[in-house]
Amino acid sequence: MIGKSHKAIRNIYPTVATIYGDRDARDSNGNVVVLDESLITAEETRLQAEYDSQAYARNRKAEYDQLN
């Protein structure tokens with residue numbers, strides 16, 4: 001999932017300006033930013049857990065919106 005990877009990369013490496021494909025990142029000067037796969041995987045896992053923890057709120061909002 002490219003979107004999740006990009007968000008994880010940007011969270012870990014704030015100097016990244018551009019991401020090509022799924023794992024080729026560059027800073028604003030075009031220099032390659034060396035990525036640590038284990039850090040990215042850990043951040044993707046954290047982001048997924050955060051998203052999953054909000055499932056009840058998302059479902060509740062959808063149900064509430066149907067009442068109006």
Side-chain angles (χ1 to χ4, degrees):
M1 180 178 197
I2 291 176
K4 187 170 68 169
S5 294
H6 285 204
K7 184 170 175 83
I9 291 168
R10 290 182 189 283
N11 286 353
I12 298 167
Y13 302 98
T15 61
V16 168
T18 306
I19 302 170
Y20 299 101
D22 201 25
R23 295 289 196 252
D24 180 17
R26 308 283 173 139
D27 66 14
S28 60
N29 295 322
N31 299 318
V32 173
V33 176
V34 178
L35 305 177
D36 183 330
E37 291 293 325
S38 63
L39 289 176
I40 294 168
T41 300
E43 181 64 5
E44 288 173 339
T45 301
R46 187 193 71 76
L47 289 170
Q48 187 63 51
E50 184 178 297
Y51 178 81
D52 292 346
S53 73
Q54 295 298 314
Y56 174 80
R58 286 190 305 277
N59 293 338
R60 184 75 176 144
K61 182 182 179 328
E63 291 173 13
Y64 181 77
D65 288 346
Q66 288 178 356
L67 295 175
N68 293 325

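- Between the CD atom in E43 and the CD atom in Q48 there is a gap of 12.0 Å [rounded to 0.5 Å].
- Shown here for I40 and A8, the closest heavy-atom pair between the two residues is O-CB, 4.0 Å.
- For the pair L47 and N11, the minimum side-chain heavy-atom distance is below 4.5 Å.
- Scored by the salt bridge (charged side-chain N to carboxylate O under 4.0 Å, His left out) test, D27 finds no partners at all (sequence neighbours excluded).
- Side-chain N or O atoms of R26 include none that pairs as donor or acceptor with a backbone N or O of Y20 at under 3.5 Å.
- The two residues Y13 and D36 have their closest heavy-atom pair at OH-N, 2.8 Å.
- Residues satisfying the side-chain contact (heavy atoms from CB on, under 4.5 Å) test with Y56, not counting sequence neighbours, are R60.
- To the nearest 0.5 Å, atoms CD (E37) and CG (L39) are separated by 9.5 Å.
- Residues satisfying the salt bridge (charged side-chain N to carboxylate O under 4.0 Å, His left out) test with R10, not counting sequence neighbours, are none.
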